[in-house]
Amino acid sequence: MKMIIFVRDIGLPSGKSLFQLQAERILCVQRLAAQSTNEGSAGLVQIHWYIMTSPFTDDATRRFFESHRFFGLEPDQVTFFQQGTIPCVSKDGRLIMETSYRV
């Protein structure tokens with residue numbers, strides 16, 4: 001199963017992804033922080049971004065960021081990490097199987 005929920009057009013007039021919007025906010029806050037500390041350069045004030053993925057979306061998420069050049073952020077200021085998974089259970093308490101042999 002292929003899950004790429006973040007690439008879909010969410011209907012904004014700009015056509016931007018949620019990841020792009022958040023990266024633009026981070027870049028803006030970095031600039032404001034640099035100005036308020038009299039550093040004058042956003043490169044001197046860096047905000048780190050942690051992005052939680054799942055085993056199903058991790059590779060696609062990383063490729064999406066790479067293909068968009070991390071939306072102007074430095075690659076080393078973005079950290080991806082995977083959340084764990086647990087089995088799904090039906091209302092009557094039975095395990096929901098992904099396949100006949102895999103929970």
Report yes if the side chains of [X] and [Y] come closer than 4.5 Å at any heavy-atom pair, otherwise no.
| X | Y | result |
| --- | --- | --- |
| Phe64 | Phe70 | no |
| Thr53 | Asp59 | no |
| Thr79 | Ile51 | no |
| Pro55 | Thr85 | yes |

Begin from the C-alpha positions of Gln77 and Trp49 and carry the test side-chain contact (heavy atoms from CB on, under 4.5 Å) through to its verdict.
CA-CA 6 Å; Gln77 80 181 96; Trp49 188 7; 5.8 Å; no

Where do Gly72 and Leu27 come nearest, in terms of heavy atoms and distance?
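Closest approach of Gly72 to Leu27, heavy atoms only: O-CD2, 3.8 Å.
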
Decide whether Ile47 and Phe71 are clustered together by the hydrophobic rule: side chain heavy atoms of Ile, Leu, Val, Met, Phe, Trp, Tyr closer than 4.5 Å, transitively.
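Yes; tracing contacts between hydrophobic side chains, which count when under 4.5 Å, links both residues.
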
Check: Tyr50 ring centroid to His48 ring centroid under 6.0 Å:
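Aromatic pair counts; centres sit under 6.0 Å.
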
Considering residues, nucleotides and ligands other than Ile86, do more than 12 of their heavy atoms fall under 6.0 Å from its CD1?
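Result for CD1/Ile86: open.
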
Residues which pass side-chain contact (heavy atoms from CB on, under 4.5 Å) with Arg94, listed by chain and number, not counting sequence neighbours:
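Arg94 satisfies side-chain contact (heavy atoms from CB on, under 4.5 Å) with Ser90, Asp92 once adjacent residues are dropped.
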
Hey, what's the ring geometry for Phe65 with Phe80, parallel, tilted or perpendicular (30° and 60° as the breaks)?
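If you compare the ring of Phe65 with that of Phe80, the planes turn out perpendicular.
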
Short side-chain to backbone donor-acceptor contact, Thr61 and Thr57, under 3.5 Å:
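Flag set: sc Thr61 to bb Thr57 pair under 3.5 Å.
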
